[in-house]
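Below, all heavy atoms of this structure are taken into account, side chains as well, without hydrogens, waters or symmetry copies.
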Amino acid sequence: MAVTSPERRVWWNEPVERVEMIWIAVALLWGLFMFFFMIAWHFIGGQNLSTEAYRVVPSVYQNKVDEFAQKYQVGDESGTPIVRPPAGVDIYLLGRLWQWWPVLQLEKGQSYRLHLSSADWQHGFSLQPTNINIQVHPGYEHVIVLTPTEAGEFGIICNEFCGIGHHTMTGKIIVVDSKAEAK
Ligand code: CUA
């Protein structure tokens with residue numbers, strides 16, 4: 001708040017400086033370039049994922065995930081089922097306040113169609129330590145073709161603020177290499 005009232009009250013009628021105009025133009029052009037380059041990133045550097053998206057009723061999606069988890073459950077981790085689907089099938093992951101459900105156990109080198117949706121709120125699927133980030137909305141079902149290339153345990157965090165438990169919203173994908181195990 002100014003102590004004294006401004007000398008000229010019509011401040012918005014100021015002419016825009018030339019230099020300022022140049023910066024506005026540069027920022028606009030750069031923004032447009034980045035916007036259209038999003039398409040290129042599907043092909044260059046494997047940055048943008050090419051996903052399919054469908055509309056879905058959250059309760060219907062939740063039923064599909066429950067059914068999937070029941071069918072292929074092989075274990076349990078503190079109340080969350082560990083699910084090991086056969087290679088190549090459609091696999092389901094549900095984001096909700098505040099967890100990624102269930103724990104998936106996948107085979108290295110096999111491709112899966114990973115379905116992603118939310119039961120309640122907007123969440124951010126972030127697979128650690130890779131640079132895979134997907135916005136997850138209730139009402140929309142994303143399908144991503146996923147082929148794990150490394151064995152190990154991969155954490156999933158939520159990178160979209162979703163309330164008081166946001167920082168506790170985690171999940172897990174376990175990738176096993178059964179060819180290596182058999183040796
Ligand atoms: Cu879910 Cu943050």
A.B. asks: For the side chain of Glu107 and the backbone of Ser178, is there at least one donor-acceptor N/O pair under 3.5 Å apart?
C.D. replies: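 At least one qualifying donor-acceptor pair exists.
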A.B. asks: Any side-chain heavy atom of Val26 within less than 4.5 Å of one from Ile24?
C.D. replies: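 Result no, sub-4.5 Å side-chain heavy-atom pair not found.
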A.B. asks: Side chains of Val103 and Ile174, heavy atoms from C-beta outward: is any pair under 4.5 Å?
C.D. replies: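 Val103 vs Ile174: side chains touch.
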A.B. asks: Quick check: do Val83 and Val74 have side-chain heavy atoms less than 4.5 Å from each other?
C.D. replies: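 Answer no - side chains too far apart.
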A.B. asks: Is a donor on one side and an acceptor on the other found under 3.5 Å between the side chain of His123 and the backbone of Leu94?
C.D. replies: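 Such a contact is absent between His123 side chain and Leu94 backbone.
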A.B. asks: Using side-chain heavy atoms (C-beta onward) and a distance below 4.5 Å, is Val176 in contact with Leu106?
C.D. replies: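 No - every pair of side-chain heavy atoms lies 4.5 Å or more apart.
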A.B. asks: Walk me through whether Lys172 and Glu153 qualify under salt bridge (Lys or Arg N to Asp or Glu O under 4.0 Å).
C.D. replies: CA-CA 7 Å; Lys172 197 194 279 181; Glu153 284 195 8; 3.2 Å; yes
A.B. asks: Is there a path from Val143 to Tyr112 through hydrophobic residues (I, L, V, M, F, W, Y) whose side chains come within less than 4.5 Å of each other?
C.D. replies: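 No, no single cluster joins them.
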A.B. asks: About how many Å separate CG of Leu93 and CG of Leu116, when rounded to the nearest 0.5 Å?
C.D. replies: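 Answer for the CG-CG pair, Leu116 versus Leu93, is 5.5 Å.
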A.B. asks: How far does OG of Ser78 sit from CG of Asp76, to the nearest 0.5 angstrom?
C.D. replies: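 Rounded to the nearest 0.5 Å, the OG-CG separation comes to 7.0 Å.
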A.B. asks: Show the nearest heavy-atom pair for residues Pro102 and Val65, with the distance to one decimal.
C.D. replies: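 So the two residues come closest at CD-CG1, 4.0 Å.
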A.B. asks: Rounded to the nearest 0.5 Å, what's the gap from CD1 on Ile157 to CG on Leu127? Could you check?
C.D. replies: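 Separation between the atoms: 10.0 Å.
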A.B. asks: If hydrophobic clusters are built from ILVMFWY residues whose side chains come within less than 4.5 Å, do Val145 and Ile91 share one?
C.D. replies: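 Different clusters.
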A.B. asks: How many angstroms lie between atom CD of Gln73 and atom CD of Gln105, to the nearest 0.5 angstrom?
C.D. replies: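 Here the rounded value is 11.5 Å.
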A.B. asks: I need the minimum non-hydrogen distance between Ala119 and Pro138, along with the two atoms involved.
C.D. replies: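 In terms of heavy atoms, the two residues are closest at C-CB, 4.4 Å.
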A.B. asks: Roughly how far apart are Glu17 CD and Met21 CE, rounded to 0.5 Å?
C.D. replies: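 Spacing of CD (Glu17) from CE (Met21) equals 12.0 Å.
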A.B. asks: On a heavy-atom basis, which atom in Ser126 and which in Asn159 lie closest, and how many Å separate them?
C.D. replies: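 Where Ser126 meets Asn159 most closely, the heavy atoms are CB-ND2, 3.5 Å.
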A.B. asks: Do Tyr54 and Val136 belong together in a cluster built from hydrophobic side chains that touch within less than 4.5 Å?
C.D. replies: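 In one cluster with Tyr54: Val136, no.
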A.B. asks: Are the side chains of Phe125 and Cys158 in contact, using a 4.5 Å heavy-atom criterion?
C.D. replies: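 No, too far: nothing below the 4.5 Å cut-off.
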A.B. asks: Measure across Leu97 and Cys162 and return the closest heavy-atom pair with its distance rounded to 0.1 Å.
C.D. replies: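 Nearest pair, atom of Leu97 first, then Cys162: CD2-O, 3.4 Å.
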A.B. asks: Tell me the side chain to side chain donor-acceptor pair (under 3.5 Å) pairs involving residues 95-104, sequence neighbours left out?
C.D. replies: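 Sorted result for residues 95-104: Arg96-Gln99.
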A.B. asks: Determine whether more than 12 heavy atoms belonging to other residues, nucleotides or ligands lie under 6.0 Å from atom CD1 of Ile164.
C.D. replies: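 At most 12 heavy atoms, drawn from other residues, nucleotides or ligands, come within 6.0 Å of this atom.
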A.B. asks: Passes side-chain contact (heavy atoms from CB on, under 4.5 Å), Arg55 versus Glu141? Steps please.
C.D. replies: CA-CA 6 Å; Arg55 295 207 78 138; Glu141 183 172 350; over 6 Å; no
A.B. asks: So that I can tick it off, tell me whether Lys108 and Glu150 are bridged by a salt bridge, with the cut-off set at under 4.0 angstrom between side-chain N and carboxylate O.
C.D. replies: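 No, Glu150 and Lys108 are not salt-bridged.
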A.B. asks: Taking all non-hydrogen atoms of both residues, which atom of Asp120 and which atom of Ser118 are closest, and how far apart?
C.D. replies: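 So the minimum-distance heavy-atom pair works out to N-OG, 3.1 Å.
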A.B. asks: If hydrophobic clusters are built by linking Ile, Leu, Val, Met, Phe, Trp and Tyr wherever their side-chain heavy atoms come under 4.5 Å apart, do Met34 and Ile44 end up in the same one?
C.D. replies: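 Yes, Met34 and Ile44 fall within the same hydrophobic cluster.
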A.B. asks: According to ring pair (Phe, Tyr, Trp, His ring centres under 6.0 Å), who are the partners of His115, at least two apart in sequence or on a separate chain?
C.D. replies: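 Partners of His115 under the ring pair (Phe, Tyr, Trp, His ring centres under 6.0 Å) test: Tyr92.
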A.B. asks: Just verifying a value: how many Å separate Glu160 CD and Met169 CE, rounded to the nearest 0.5 Å?
C.D. replies: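 Spacing of CD (Glu160) from CE (Met169) equals 10.5 Å.
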A.B. asks: Is Tyr61 linked to Val89 within one hydrophobic cluster, defined over Ile, Leu, Val, Met, Phe, Trp and Tyr using a side-chain heavy-atom separation of less than 4.5 Å?
C.D. replies: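 Yes, one cluster joins them.
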A.B. asks: Do the non-hydrogen side-chain atoms of Tyr140 and His137 ever get within less than 4.5 Å of each other?
C.D. replies: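 Answer yes - side chains close enough.
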A.B. asks: Got Gln135 and Gln122 here, is their nearest side-chain heavy-atom distance under 4.5 Å?
C.D. replies: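 They are in side-chain contact.
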A.B. asks: Output, in order, the C-alpha distance, side-chain angles, deciding distance and verdict of side-chain contact (heavy atoms from CB on, under 4.5 Å) for Thr170 and Ile156.
C.D. replies: CA-CA 5 Å; Thr170 58; Ile156 305 164; over 6 Å; no
